[in-house]
Participant: 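Take this structure first; my questions come after.
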2 protein chains.
Amino acid sequence: MIKSNIKRLLQYRLCLTKFKELGYSRIFSYNLGNEAGVSPEQVRKDFSIHGITGNKKAGYEIESLLIILNQIFRMDEIHNVILVGMGHIGTALANYNNHFIGQNVYLVAGFDMDPAKQNKKTGIPVFPLDKLSELIEGFQVSTAIITVPPVSAQEVCNNLIDKGIKGILNFAPIVLKAPKNIIVNNINLSTEIEAIVYYLNQQK
Amino acid sequence: MIKSNIKRLLQYRLCLTKFKELGYSRIFSYNLGNEAGVSPEQVRKDFSIHGITGNKKAGYEIESLLIILNQIFRMDEIHNVILVGMGHIGTALANYNNHFIGQNVYLVAGFDMDPAKQNKKTGIPVFPLDKLSELIEGFQVSTAIITVPPVSAQEVCNNLIDKGIKGILNFAPIVLKAPKNIIVNNINLSTEIEAIVYYLNQQK
DNA sequence: CGGGTTTTGTGAAACTTTTCTCATTATAGT
DNA sequence: ACTATAATGAGAAAAGTTTCACAAAACCCG
């Protein structure tokens with residue numbers, strides 16, 4: 001599971017970019033917290049954990065904050081990502097590509113066992129699965145997105161790990177079994193809706 | 001933020017369905033934990049919080065567990081959901097519809113300001129935004145999915161709340177501002193990838 | 001039918017995360 | 001230059017979560 005501290009730092013990064021675009025050069029923990037939906041103390045603690053300091057009375061300088069955050073998240077390097085499963089979700093992600101995948105993260109290739117999908121017009125080139133090794137090595141890919149149906153997800157996962165993938169973003173509604181050194185991040189869209197339904201009913 | 005306790009219960013529900021399909025009728029906290037990727041103690045604590053009990057030496061009966069979990073998450077009632085923004089992600093979700101949206105959760109309508117999107121062949125009918133009130137009331141919808149670009153997300157959010165929506169699953173990469181009684185669940189796909197990149201680099 | 005084994009349920013302990021509190025200090029205004 | 005103000009940084013407290021440890025109960029086997 002991704003630590004919330006890390007998720008918040010990424011959120012701050014997003015907010016800071018927005019503030020920068022609006023022309024601000026400095027920011028207070030209060031304003032950043034407000035924008036990111038957390039308390040100012042939380043912002044300062046999150047920063048202090050990573051050794052980020054500001055100035056009493058003058059807050060934090062946005063530009064240097066962004067530089068530090070980009071270093072923490074290695075956003076100063078290029079990260080090539082591949083995608084396995086060109087179904088609806090996979091295709092949607094492929095079409096978005098540099099649109100919503102953040103700075104310096106690039107979807108370089110998609111994979112699907114269905115030859116028909118390999119010709120489909122998407123934002124990225126689509127290959128058969130036997131090209132996995134070649135492309136993972138060629139593009140130095142260490143992160144993959146799994147958007148295949150749940151029945152084949154574990155098999156695809158094993159295959160990817162075997163080919164050298166170290167981090168996986170999994171959209172298939174199962175818990176992937178993987179060695180501890182592999183980072184697995186599961187997103188289950190049904191679960192996210194069901195959780196909302198739960199909280200709505202709690203309020204009544 | 002959704003409590004992890006709740007996410008795990010939903011995960012257990014998924015695993016139990018699988019075990020049921022495989023023909024099992026009883027299960028131990030150890031097996032369920034193993035499948036869901038958590039410790040057996042955690043499984044028992046999660047259950048005990050919600051008053052779910054099993055039998056010493058005989059574990060838990062899958063069928064009754066599923067009934068209780070379905071009650072907790074109100075999956076015995078129908079939940080109609082709408083979707084605003086028929087871009088790539090929105091269309092992908094619409095096409096999946098009853099496929100991956102869990103039991104008794106239905107995507108009943110999509111909305112988009114672009115008339116061209118209103119004719120597009122997707123899994124659900126697509127309407128202009130001025131039909132929001134009508135359909136929210138007609139289908140008794142209280143949950144909405146936002147898949148519009150970030151610039152319009154807050155405006156759409158306000159609009160939805162104004163029309164009676166109480167729970168929002170937001171895919172736009174901003175933190176939505178909403179009253180405390182509104183349940184907002186943010187999914188930022190870039191962030192999920194970036195978090196993986198972070199952890200991969202931590203290992204080195 | 002009774003002893004041994006296995007598994008639950010839970011209270012306590014350990015750990016993690018968040019909030020509180022306040023001394024410290026940079027800044028702006030007088 | 002001095003004072004009042006406003007903001008950080010960090011230690012302490014509080015709250016929340018997970019793991020530990022073990023008594024109690026149910027089942028199995030002899």
Side-chain angles (χ1 to χ4, degrees), chain A residues 1-12 15-16 19 24-66 68-69 72 175 180 186 191 195 198-199 202, chain B residues 1-12 15-16 19 24-69 72 175 180 184 186 191 195 198-199 202:
Chain A
M1 185 75 82
I2 310 292
K3 285 213 281 183
S4 12
N5 167 254
I6 296 302
K7 287 217 173 177
R8 280 197 304 269
L9 283 178
L10 284 164
Q11 199 60 253
Y12 299 155
C15 297
L16 288 167
F19 278 115
Y24 292 95
S25 67
R26 305 196 71 89
I27 196 162
F28 301 125
S29 60
Y30 174 82
N31 306 115
L32 186 51
N34 196 46
E35 188 65 23
V38 303
S39 70
E41 296 89 345
Q42 180 83 81
V43 172
R44 299 202 297 270
K45 261 279 142 67
D46 286 337
F47 282 173
S48 111
I49 288 169
H50 290 266
I52 300 172
T53 61
N55 292 296
K56 293 185 206 278
K57 194 88 202 277
Y60 302 83
E61 209 196 330
I62 293 178
E63 195 57 44
S64 15
L65 266 184
L66 279 171
I68 297 172
L69 287 172
I72 291 174
V175 177
K180 280 196 206 73
N186 292 294
T191 298
Y198 170 80
Y199 281 109
Q202 285 308 99
Chain B
M1 184 78 82
I2 309 292
K3 285 214 278 183
S4 18
N5 167 254
I6 296 304
K7 287 217 174 178
R8 281 196 305 269
L9 283 177
L10 285 162
Q11 200 59 254
Y12 299 155
C15 298
L16 289 167
F19 278 115
Y24 292 95
S25 67
R26 305 197 71 90
I27 195 163
F28 300 125
S29 61
Y30 174 81
N31 306 115
L32 186 52
N34 196 45
E35 189 66 23
V38 303
S39 70
E41 297 89 342
Q42 182 81 83
V43 173
R44 299 203 297 271
K45 260 276 143 66
D46 286 337
F47 282 173
S48 112
I49 289 168
H50 290 267
I52 299 172
T53 61
N55 291 297
K56 291 181 205 277
K57 195 86 201 281
Y60 302 83
E61 209 196 331
I62 293 178
E63 194 57 46
S64 16
L65 265 185
L66 279 170
I67 291 171
I68 297 172
L69 287 173
I72 291 174
V175 177
K180 280 197 207 73
V184 179
N186 292 294
T191 298
Y198 170 80
Y199 281 109
Q202 285 308 99

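Chain letters run A, B, ... following the sequence lines, proteins first and then strands; every chain starts at 1. Reckoned from all heavy atoms, side chains included, excluding hydrogens, waters and symmetry mates.
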Participant: Taking CE from A/M1 and P from D/dT17, how many angstroms apart are they, rounded to a whole number?
Facilitator: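 One finds 12 Å between P of D/dT17 and CE of A/M1, rounded.
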
Participant: Return each pair, listed once, that meets salt bridge (Lys or Arg N to Asp or Glu O under 4.0 Å) where at least one residue sits in residues 32-44 of chain A; pairs must be two or more places apart or across chains.
Facilitator: A/K18-A/E35, A/E35-B/K177

Participant: For nucleotides 10-16 of chain D, list the nitrogen or oxygen atoms of the protein found under 3.5 Å from its nitrogen or oxygen atoms, one pair per line.
Facilitator:
residue, atom, partner, partner atom, Å
D/dG11, O6, A/K45, NZ, 2.9

Participant: Under the ring pair (Phe, Tyr, Trp, His ring centres under 6.0 Å) test, which residues partner A/Y30, sequence neighbours left out?
Facilitator: none

Participant: Within the pair B/Y60 and C/dG9, is there a side-chain N or O less than 4.0 Å away from OP1 or OP2?
Facilitator: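 Yes.
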
Participant: If a protein heavy atom is under 4.0 Å from the base, mark B; if only from the sugar-phosphate, S; if neither, -; do that for nucleotides 25-30 of chain C going 5' to 3'.
Facilitator: BBB---

Participant: Considering only side-chain heavy atoms of B/F28, which listed nucleotide, D/dT18, C/dT18, C/dT8, is closest?
Facilitator: C/dT8

Participant: Could you tabulate the donor-acceptor pairs under 3.5 Å formed by side-chain atoms of residues 52-60 of chain B, not counting sequence neighbours?
Facilitator:
none

Participant: Rounded to the Å, how far apart are A/E61 CD and D/dA7 P?
Facilitator: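 In whole Å, D/dA7 P and A/E61 CD are 17 Å from each other.
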
Participant: Report the distance from atom CG of A/D46 to atom C1' of C/dT19, rounded to the nearest whole Å.
Facilitator: 13 Å

Participant: Over how many whole Å does the gap from B/H50 atom NE2 to D/dT17 atom C1' extend?
Facilitator: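 Rounded to the whole Å, the gap is 13 Å.
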
Participant: Which whole-number value in Å describes the distance from B/I27 CD1 to C/dT7 P?
Facilitator: 12 Å

Participant: Of all residues at least two apart in sequence or in a different chain, which pass the side chain to side chain contact (heavy atoms under 4.5 Å, CB included) check with A/K7?
Facilitator: A/I2, B/E192

Participant: NA contact type, A/R8, heavy-atom cut-off 4.0 Å: base, sugar-phosphate, or nothing?
Facilitator: sugar-phosphate

